[in-house]
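Heads up, the thing below is written out as structure tokens.
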Amino acid sequence: MCGELRSSDAGTTVTLMGWVNRRRDHGNLIFLDVRDRTGITQIVLDKEASPEAHAKAEAARSEYVVAVTGKVRVRGQGLANPNMVTGDIEVVGSELLLLNEAKTPPFSPAEDAIANEEVRLKYRYLDLRRVEMQKNFAVRSRVAMAIRNFLVEQGFLEIETPFMTRSTPEGARDYLVPSRVHPGHFYALPQSPQIFKQILMISGFDKYFQIARCFRDEDLRADRQPEFTQIDLEMTFPRQETIFRVVEGFLQTAFKAAGVELGNQQFVQMTYDQAIARYGIDKPDMRLPAMVDLSTELTAELRETLKVDPALPVLGFTIPRVGELSGTARKALVNEIRGSFGDCGLDFLDVSRLRTNEAFVPLAEAIAAKLTAEQIVFNGENFTTEDLAVVITPKPGTPAKWNHDPQWIWKRVGALRLELAKKYADKHGLFTQTGTAADFKFLWVTDFPMYEWNEEAKTWDAAHHPFTSPHEDDITSGRLVNDKGAVRALAYDIVLNGTELGSGSIRIHRQDVQAEIFRSLGMTDEEARARFGFFLDALEYGTPPHGGIALGLDRIVMILAGASSLREVIAFPKTAKAIDLMVDAPTPVSEQQMRELSLRTVTRS
RNA sequence: GGGGACGUAGCUCAGUUGGUUAGAGCGCUGCCCUGUCACGGCAGAGGUCGCGGGUUCGAGCCCCGUCGUCCCCGCCA
């Protein structure tokens with residue numbers, strides 16, 4: 001194929017088929033770069049040697065589909081192109097067929113500059129011809145295959161589950177499919193195969209997996225599409241660690257398939273509480289140092305002078321290798337931070353300014369020492385003026401909302417940490433991909449809270465999903481009833497570079513516990529039966545302990561491809577408004593179709 | 001649902017304080033060219049300045065609305 005010929009092929013006669021990437025017309029000599037999935041080869045057409053082929057080449061244009069037959073020749077002295085893999089050779093075209101013409105494309109797949117997304121998505125077939133995209137989908141295919149092979153070798157059975165299933169009101173909004181046969185009734189597309197995979201465990205398939213399409217009718221983000229692909233798995237009699245080892249195993253294999261040798265990289269583990277306290281987020285980006293609480297460094301006196309609330313944490317963090325900021329840049333930064341925090345009682349403490357006042361020098365030193373300690377733990381480097389230090393203090397008399405949720409300040413400062421990291425990403429180089437294991441920082445987050453307080457409805461909701469098992473201790477201790485906020489779930493997330501790759505849990509396998517959880521979520525037994533009766537029934541027929549996880553294949557590939565949007569690794573993605581610009585979906589349907597489904601549209605006020 | 005950025009030639013973009021005929025690069029069309037590889041040279045075509053309204057003697061530029069794309073918050077068990 002076009003990317004495969006080398007100087008060792010010299011002398012052989014070949015036929016190449018592909019698209020005209022570029023044409024360079026020198027009059028009696030024409031060069032055609034012919035492109036296919038594997039690469040590009042230069043074809044030379046000489047008017048004297050092959051007048052017919054040359055004449056056809058004159059008519060050829062970008063993106064014409066051609067077939068060229070000719071002899072492979074090593075290029076002469078000084079004619080090789082070191083920038084091309086096939087640059088040592090060329091094919092001397094003796095016969096050229098124009099298999100198909102092409103309209104002038106709205107943008108060229110050969111161009112380095114890429115068009116705006118609207119045009120790319122509308123002409124997706126042209127966009128997908130670009131080398132970059134071809135590469136992404138090759139990675140995707142290899143990764144999926146590696147995972148499939150790994151799981152099958154580990155004794156997992158691939159089983160498909162329905163796309164048309166039953167609507168479950170919990171969680172994300174469902175995509176609904178109207179039933180023709182049952183007027184007014186709807187199927188729902190699965191948000192995940194959750195209940196089916198648990199039933200498969202009850203059915204005795206002790207290790208199940210599926211590369212499954214899932215559907216969620218929620219608003220999109222760069223890392224969220226309405227339909228996406230999960231590597232879904234479940235097994236019987238697992239401990240958390242059993243699941244972790246399986247996932248770590250297939251990630252190693254998948255990354256290897258994509259050309260990244262993770263070796264024996266540590267999959268760090270921390271609890272949800274630790275993650276919030278150290279990073280202010282449940283999916284910490286471990287490519288950056290953690291936050292540190294500096295409140296112990298401030299004496300009561302200093303707090304008074306600096307107007308710092310004594311009851312709340314003083315959080316500091318560094319963004320390494322930002323480089324020294326100019327005075328103006330520094331001022332702008334401080335204003336920006338103060339501006340965004342002004343309404344919630346947080347203030348920026350400028351460590352370098354502290355040093356200018358003798359009374360505060362010891363404090364500045366103490367803070368610097370703590371930040372240094374953290375940075376040494378992180379990457380072995382001392383904290384220097386090259387690193388950006390940010391210290392955020394709470395003013396006394398802070399807004400009441402904090403009193404209900406002391407984690408609020410951690411989360412808020414944690415968000416700032418990410419914002420600044422992104423802002424200085426190019427400068428500090430921590431996010432620059434090197435193609436080695438060091439680019440990828442994995443993390444398991446465990447012990448998620450079981451319940452989440454819903455301020456609007458004044459109820460406790462399931463933080464994960466209602467089939468998640470609480471810690472055994474929390475069942476026996478009675479916290480399930482008395483102290484829902486403190487109940488920990490046997491739920492875990494796998495996080496990579498600040499992106500949640502997957503989420504799983506050990507499930508409830510006892511009908512009485514399941515019923516108890518439904519009750520604790522404010523569901524009466526009747527309601528639970530109405531929604532999940534079939535599942536409660538199943539639990540009563542000998543359910544083994546089981547658990548599993550689901551990982552976003554799209555996100556894994558996105559990170560491996562170094563892309564910043566899922567659209568780069570999904571062949572036919574949708575826009576932020578969930579529209580497919582190529583096929584133009586969704587569309588209205590005919591009156592006839594609507595009638596068949598017993599549907600009528602109404603205008604919403 | 002909310003906030004922000006963007007929308008000018010096929011593509012990427014510039015367009016000053018509101019002022020005559022709206023520009024560049026790439027691409028495209030024609031002609032020339034035997035060693036280019038982002039080929040080169042000459043000539044040329046190509047515009048509903050997203051759309052609608054308003055202000056003004058005059059709007060690509062100001063105001064209001066609207067549509068589209070992207071990013072973020074909410075939402076995503």
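Sequence lines set the chain letters: A, B, ... in the order given, protein chains first and strands last, and positions in each chain run from 1.
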Which nucleotide wins on minimum distance to the side chain of A:Leu29, given the candidates B:U69, B:C71, B:G35? B:G35
Pick the P atom in B:G25 and in B:A43, then give their distance to the nearest Å. 13 Å
Please tell me if A:Lys577 has a side-chain N or O lying less than 4.0 Å from either OP1 or OP2 of B:G68. yes
Under 6.0 Å from the six-membered ring centre of A:Phe431 and within 45° of its axis: does the NZ or CZ of A:Arg287 meet both? yes
Under 4.0 Å, heavy atoms only, any strand: does A:Gln194 hit a base, just the sugar-phosphate, or nothing? base
Atom pair distance, as rounded to whole Å: NZ in A:Lys574 and C1' in B:G68: 18 Å
When you measure from the side chain of A:His26, which nucleotide among B:C75, B:G35, B:G10 comes out closest? B:G35
What is the nucleic acid contact for A:Arg120, judged by heavy atoms within less than 4.0 Å: base, sugar-phosphate only, or nothing? nothing
Looking at A:Lys484 and A:Tyr451, what are the two nearest heavy atoms and their distance? O-CD1, 3.4 Å
Donor-acceptor pair present, A:Asp25 side chain and B:C33 base, under 3.5 Å: yes
Could you tell me how far B:G4 sits from B:C49 if I compare only their P atoms? Round to whole Å. 27 Å
Of the listed nucleotides B:U69, B:U36, B:C72, the one nearest the side chain of A:Glu90: B:U36
B:G54 versus B:A59 - spacing of their P atoms, nearest Å: 12 Å
Applying the 3.5 Å cut-off to both distances, the Watson-Crick or G-U partner of B:A38 turns out to be none
Measuring only the P atom in each nucleotide, how far is B:G7 from B:G60? A whole number of Å is fine. 16 Å
Using the C1' atom as the point on both nucleotides, what is the distance between B:U36 and B:G41, in whole Å? 15 Å
Can you tell me whether the side chain of A:Glu218 and the base of B:G74 have a donor-acceptor pair closer than 3.5 Å? no
Please determine which of A:Arg23, A:Arg35, A:Lys103 meets the salt bridge (charged side-chain N to carboxylate O under 4.0 Å, His left out) test together with A:Glu63. A:Arg35
Which nucleotide in the set B:U69, B:C11, B:G35 lies at the smallest distance from any side-chain heavy atom of A:Ala115? B:C11
Name the residue closer to the 5' end of RNA chain B, choosing between A:Pro106 and A:Ala80 according to the nucleotide with the nearest heavy atom. A:Pro106
Residue matched to B:U20 through Watson-Crick or wobble contacts both under 3.5 angstrom: none
Hey, is the side chain of A:Arg35 poking within less than 4.0 Å of OP1 or OP2 on B:C37, counting only N and O atoms? no
Angle class for the A:Phe448/A:Tyr272 ring planes (parallel below 30°, perpendicular above 60°, tilted otherwise)? tilted
Taking only nitrogen or oxygen atoms into account, show me every contact under 3.5 Å that the protein makes with nucleotides 23-29 of chain B, one pair per line with its distance.
| residue | atom | partner | partner atom | Å |
| --- | --- | --- | --- | --- |
| B:U29 | OP1 | A:Arg61 | NE | 3.1 |

Would you kindly say whether A:Gln210 and A:Thr161 are connected by a side-chain donor-acceptor distance under 3.5 Å? yes
Across every strand shown, the nucleotide meeting Watson-Crick or G-U wobble geometry with B:U55 (both distances under 3.5 Å) is none
Between P on B:A38 and CZ on A:Phe107, what's the gap in Å once rounded to a whole number? 21 Å
Between the base of B:C76 and the side chain of A:Arg224, is there any donor-acceptor pair under 3.5 Å? yes
Kindly compute the distance separating OG (A:Ser469) from CD1 (A:Ile475), expressed to the nearest 0.5 Å. 5.0 Å
If you check every side-chain atom of A:Arg75, which of B:U69, B:U36, B:C76 has the closest atom? B:U36
Less than 5.5 Å between centroids and less than 30° between ring planes, does A:Phe31 satisfy that with B:U36? yes
Measure the distance from CG on A:Asp46 to P on B:C33 and round it to the nearest whole Å. 14 Å
Describe the nucleic acid contact of A:Asn83 in one word from base, sugar-phosphate, nothing, applying a heavy-atom distance below 4.0 Å. nothing
State which of B:C70, B:C75, B:G35 makes the closest approach to the side chain of A:Asp219. B:C75
When you measure from the side chain of A:Thr575, which nucleotide among B:C37, B:C70, B:U36 comes out closest? B:C70
For a quick check of understanding: with a heavy-atom distance under 4.0 Å over all strands, which category does A:Ala463 fall into, base, sugar-phosphate or nothing? sugar-phosphate
If I take atom CG in residue A:Asp33 and atom C1' in nucleotide B:G35, what distance separates them, rounded to the nearest angstrom? 13 Å
Round to a whole Å and report the spacing from CD of A:Glu63 to C1' of B:C11. 14 Å
Winner on side-chain proximity to A:Asn81, out of B:G35, B:U34, B:A38, is B:A38
Under 3.5 Å, which donor-acceptor pairs do the side chains of residues 112-119 of chain A form with other protein atoms, sequence neighbours left out?
| residue | atom | partner | partner atom | Å |
| --- | --- | --- | --- | --- |
| A:Asn116 | OD1 | A:Glu118 | N | 2.9 |
| A:Asn116 | OD1 | A:Val119 | N | 3.1 |
| A:Glu117 | OE1 | A:Arg567 | NE | 2.8 |
| A:Glu117 | OE2 | A:Arg567 | NE | 3.3 |
| A:Glu117 | OE2 | A:Arg567 | NH2 | 2.7 |

Mind checking the C1' distance from B:A22 to B:U8? Whole angstroms is fine. 8 Å
Given B:U34, B:G74, B:G35, which nucleotide is nearest the side-chain atoms of A:Gln42? B:G35
Nucleotide opposite B:G25 in a Watson-Crick or G-U pair, distances under 3.5 Å: B:C11
If I take atom CZ in residue A:Arg412 and atom P in nucleotide B:C72, what distance separates them, rounded to the nearest angstrom? 17 Å
Can you tell me, in whole Å, how much space there is between the P of B:C71 and that of B:C13? 16 Å
Could you tell me if the side chain of A:Leu29 sits less than 4.5 Å from the side chain of A:Phe31, heavy atoms only? yes
Euclidean distance, atom CD of residue A:Glu419 to atom P of B:C72 [Å, nearest integer]: 12 Å
Over 12 non-hydrogen atoms of neighbours within 6.0 angstrom of CD in A:Glu101: no
Map A:Ser565 and A:Thr168 onto RNA chain B by nearest heavy atom, then report which one ends up closer to the 5' terminus. A:Ser565
Pair assignment for B:U69, Watson-Crick or G-U wobble, requiring both distances under 3.5 Å: B:A5
Any donor-acceptor pair under 3.5 Å joining the side chain of A:Asn116 to the base of B:G7? no
Give the nucleotide from the list B:C71, B:C39, B:U34 with an atom nearest to the side chain of A:Arg24. B:C39
Test ring pair (Phe, Tyr, Trp, His ring centres under 6.0 Å), reference A:Phe163, set A:Tyr187, A:Phe196, A:Phe215, A:Tyr175, output is A:Phe215
Between the main-chain N or O of A:Arg507 and the side-chain N or O of A:His546, is there a donor-acceptor pair closer than 3.5 Å? no
Contact class for A:Arg73 vs. all strands (heavy atom < 4.0 Å): base, sugar-phosphate, or nothing? base
Integer angstrom distance from the C1' of B:A45 to that of B:C61: 28 Å
